[in-house]
Amino acid sequence: MISSAYFGGVHLLPHPTNTHLRPPRSLTPDLLHSFNTPFELKQVHAHLVKTNTSLSTLPLSRLCSVCALTPSFAYAQRILDRLGKPDITFWNSCLKAFAESDSPSGAILLFYQLRQFDVFPDTFTCSFVLKACAQLSDILNGRIVHGYMEKLGLRSNLFLQNMIVHLYALCGALDDALLMFEKMLQRDVVTWNILINQLVKRGDIEGAFDFFSRMPVRSVRSWTSMIAGYVHCGKPKEAIHLFMKMEEEGLKPNEVTVVAILAACADLGALDLGRRVHDYSNRSGFRKNIHISNTLIDMYVKCGCLEDARKLFDGMEERTIVSWSAMIAGLAMHGQAGEALRLFSNMIQIGMKPNDVTFVGILHACSHMGMIDMGREFFASMTKDYGIIPNIEHYGCMVDLFSRAGLLQEAYEFIMKMPIKSNGVVWGALLGGCRVHKNIEMAEEAIRHLSELDPLNDGYYVVLSNIYAESQRWEDAAKVRKLMREHGVKKTPGWSSISVDGVLHEFVAGDESHPQAEEIFQMWGKLLQKIKLKGYVPKTSVVLLEIDENEKEKFLYRHSEKLALAFGLMKTPSRMPIRILKNLRVCEDCHAAFKLISEIVDREIVVRDRNRFHCFKNGSCTCRDYW
DNA sequence: ATAGGGTTAG
């Protein structure tokens, strides 16, 4: 092993990847292939020039490409001047380097420059320029290159045609991309995949599936694109369905497929499938893939298995900011704010730089635990110490923090002073606080903004109606319902799901369609008797219907999470934790009931809310009733 | 030497 080398009168710092090489006897043009940093290469080159060593274009083009990567094109330019008339190989090397660098526009400049030298672009030239255009979303120059392709007789080159389709679709010129696609005499699987990916990016999942089903041949990537597309569009069930079909066809999921399907499992809380995919991933040798580990952390967190997530996180050889952020957000979601903050300071200690997402997790942790001053400090520190400009999520967290804690006036002023436009989430957080702290005036102010910002979101009207109902202002509650009807807003039906033996069972309120509905209602009846003895009083004010109290109780007892819990208790062995997922916030009455039930049946009940986790155990919940 | 898919918050 050499730590430094001195030869030929030139000091050279060894590049890390070259430390295993023996130092060469003399400084020859070949050396331009053995070193990788512009600094080393420039020194070698300077020496070669000084000793009048003759140089071929090939090593020089290598030198230029590395110089361009810096990008220090000036140096490459000097060599270019010396050469007089460099051939296309030289140009292509430089173009490639620029296209892959942080300043792809250099490639486009070069493309115009090379034509002054009477050099004819070839396939590679076009491909590198097109790559640069794609990076810059520069459709104008892309069209010019396209024109050149026609002139240069490269029009039927499949690679270039695919790049053109990609570029047009990427820049939003979907019609042009489709025209190109139709004009192509031959297409390969990549051509189809490009279109599928771009359609997914535009949110046109149906269009993407249409292409997918028309493909003559599908590769693993085609399947993966489609599966990832469904996850991206919030259709995890379809993603899993497709994944099953892919397995049926005997195709082997790769690392990217695994990431996509794990994200779907995270969305659905499908722990069984998630574990199966985890096992598959390990057997396939994907254990070291950092994307997979990160997604696994998120999957375990969202399936309610915080310990599994933590074990995985602790066992990782390398971690990125995504790993840390996912784990911190996971702890916050599970109400472990203290541990989340400890992890954050560990992260800072080892020199990992937090990003905006990390701070969303941190601020969440603070707001879930009512740590107001801590939250303020982090909010200030994020810009002061880390140069992160708060985005709407961060403002939302802060409003949530103040509102939950009852600092409604401060929350309101905070929104008014925000330097960016507020959104529904921000006012919705204030509205939520108004409900907890029974401030009708402020709630009415919030709803004024919400009916403009997010008029079709039913959740806000429901909260306001609840606030009125809880203060016995029935006419106002009725007015809100009327308002909803007028706006054509319907209450999103609440549903809960529970997975038993790998089968996902879904319940909606008052669900009698389940084959075992009879047994489920009986089970709930038994539980009800027991918790009533423990002091449970039904909280009928959460029922927003104009009916008498007895009827309200009946509605209350058919809430989807109660049905899912009763079913879970029937179908799973004693002591096994029960995991339930709900699409809305867990209802207050169910929350009170679940606490008592966890004690009576001596079971851990984990409920994933639309916001966070509630883990009921021995009569209490990890949210400490602060939610 | 040239083309397409992935994770954290909401």
Side-chain angles (χ1 to χ4, degrees), chain A residues 58 61-62 65 88-89 91-93 95-97 99-100 122-132 134 154 157-167 169-170 187-198 200-201 208 219-229 231-232 234 253-264 266 286 289-299 301-302 309 313 319-330 332-333 354-365 391-397 400 423-426 428-429 610-611:
Chain A
L58 214 61
S61 69
R62 153 119 184 109
S65 69
I88 194 66
T89 331
W91 291 101
N92 285 348
S93 300
L95 275 161
K96 179 175 190 285
E100 290 166 357
D122 65 4
T123 323
F124 296 112
T125 325
C126 292
S127 81
F128 297 136
V129 188
L130 286 175
K131 185 171 186 160
L154 300 170
N157 182 297
L158 187 57
F159 272 112
L160 291 181
Q161 285 179 320
N162 280 344
M163 291 188 92
I164 294 281
V165 172
H166 177 227
L167 180 69
L170 184 81
R187 311 171 185 111
D188 63 0
V189 67
V190 178
T191 327
W192 291 87
N193 286 355
I194 288 170
L195 280 170
I196 290 176
N197 294 328
Q198 290 305 319
V200 163
K201 266 196 195 145
S219 65
V220 172
R221 277 199 181 205
S222 321
W223 288 88
T224 304
S225 295
M226 209 53 231
I227 292 170
V231 179
H232 201 74
N254 64 20
E255 279 107 319
V256 184
T257 327
V258 166
V259 167
I261 204 65
L262 285 173
F286 301 162
N289 185 306
I290 214 149
H291 288 290
I292 293 184
S293 300
N294 293 345
T295 317
L296 276 169
I297 291 175
D298 187 51
M299 188 275 288
V301 160
K302 290 192 178 149
F313 176 82
R319 301 182 191 94
T320 63
I321 187 60
V322 177
S323 332
W324 289 93
S325 303
M327 197 63 238
I328 288 170
M333 241 184 265
N355 67 9
D356 51 339
V357 182
T358 323
F359 274 102
V360 174
I362 285 292
L363 295 177
H364 248 119
N391 64 30
I392 194 73
E393 308 287 346
H394 301 109
Y395 286 104
C397 287
D400 189 46
N423 67 3
V425 177
V426 172
R610 102 182 258 118
N611 275 1

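All heavy atoms count here, side chains included; hydrogens, waters and symmetry mates do not. As the structure is a prediction and not an experimental result, all values here were calculated from the model. So that the names make sense, note that chain A is the first sequence line, chain B the second, and so on, each numbered from 1.
- Contacts of A:T358 with the nucleic acid, taken as non-hydrogen atoms under 4.0 Å apart, are absent.
- Using a 4.0 Å cutoff on non-hydrogen atoms, the parts of residues 320-328 of chain A near DNA chain B are A:V322, A:S325, ordered by number.
- Partners of A:N391 by side chain to side chain donor-acceptor pair (under 3.5 Å), not counting sequence neighbours, listed by chain and number: A:H394.
- Looking at heavy-atom distances under 4.0 Å, A:N254 makes contact with a base.
- Of all nucleotides listed (B:dT7, B:dA3, B:dA9), B:dA9 comes nearest to the side chain of A:M333.
- Rounded to a whole Å, the CG atom of A:L262 is 11 Å from the P atom of B:dT8.
- Qualifying side chain to side chain donor-acceptor pair (under 3.5 Å) partners for A:T295, counting only residues two or more places apart in sequence or in other chains: none.
- Look at CZ on A:F286: it is 14 Å from C1' on B:dG5, rounded to the nearest Å.
- Ranking B:dT2, B:dA9, B:dT8 by closeness to the A:F159 side chain, first place goes to B:dT2.
- Looking at heavy-atom distances under 4.0 Å, A:D188 makes contact with a base.
- Of the candidates B:dG5, B:dA9, B:dA1, B:dG5 carries the atom nearest the A:N197 side chain, counting heavy atoms from C-beta on.
- Following rounding to the nearest Å, A:I392 (CD1) and B:dA9 (C1') show an atom-to-atom distance of 13 Å.
- Considering only the side chain of A:N294, B:dT7 comes nearest among B:dG5, B:dT7, B:dA1.
- A:R319 places a side-chain N or O within donor-acceptor distance of the main-chain N or O of A:F313, the cut-off being under 3.5 Å.
- Atom CG in A:L130 sits roughly 15 Å away from atom C1' in B:dA1 (whole-Å rounding).
- Among the heavy atoms of the strands lying under 4.0 Å from A:A329 are primed sugar atoms or P, OP1, OP2 only; no base atom is included.
- The CD atom of A:E100 sits 7.0 Å away from the CZ atom of A:F128 when rounded to the nearest 0.5 Å.
- Summarising the geometry, the separation between CE on A:M163 and P on B:dA3 is reported as 5 Å, rounded to the nearest angstrom.
- The closest donor-acceptor contact from the side chain of A:N294 to the backbone of A:I290 lies under 3.5 Å.
- A donor-acceptor contact shorter than 3.5 Å links the side chain of A:D188 to the backbone of A:T191.
- Closest to the side chain of A:F128, out of B:dG5, B:dT7, B:dA1, is B:dA1.
- Side-chain N/O atoms of A:K302 include one lying less than 4.0 angstrom from OP1 or OP2 on B:dA9.
- Counting to the nearest Å, the P atom of B:dA9 and the CG atom of A:D400 are 16 Å from each other.
- Within the nucleic acid shown, A:S225 comes within 4.0 Å of sugar-phosphate atoms alone, with no base atom in reach, counting heavy atoms only.
- Comparing atom distances between the A:N162 side chain and each of B:dA9, B:dG5, B:dA3 picks out B:dA3 as nearest.
- Nearest heavy-atom pair across A:M333 and A:N611 is CG-O, 4.1 Å.
- Rounded to a whole Å, the CG atom of A:L160 is 13 Å from the C1' atom of B:dA1.
- Two residues are said to be in side-chain contact when any heavy atoms from C-beta on lie closer than 4.5 Å; A:V189 and A:S222 meet this criterion.
- Side-chain contact between A:N92 and A:L95: present, with at least one pair of heavy atoms (C-beta onward) separated by less than 4.5 Å.
- Using a 4.0 Å heavy-atom criterion, one finds that A:N391 contacts no nucleic acid atom at all.
- Distance CD1 (A:I362) to C1' (B:dT8): 13 Å, rounded to an integer number of Å.
- The A:H291 side chain lies nearest to B:dT7 when the options are B:dT2, B:dT7, B:dA9.
- Using a 4.0 Å heavy-atom cutoff across all strands shown, A:Q198 reaches no nucleic acid atom at all.
- At the phosphate of B:dA3, OP1 or OP2 sits under 4.0 Å from a side-chain N or O atom of A:K131.
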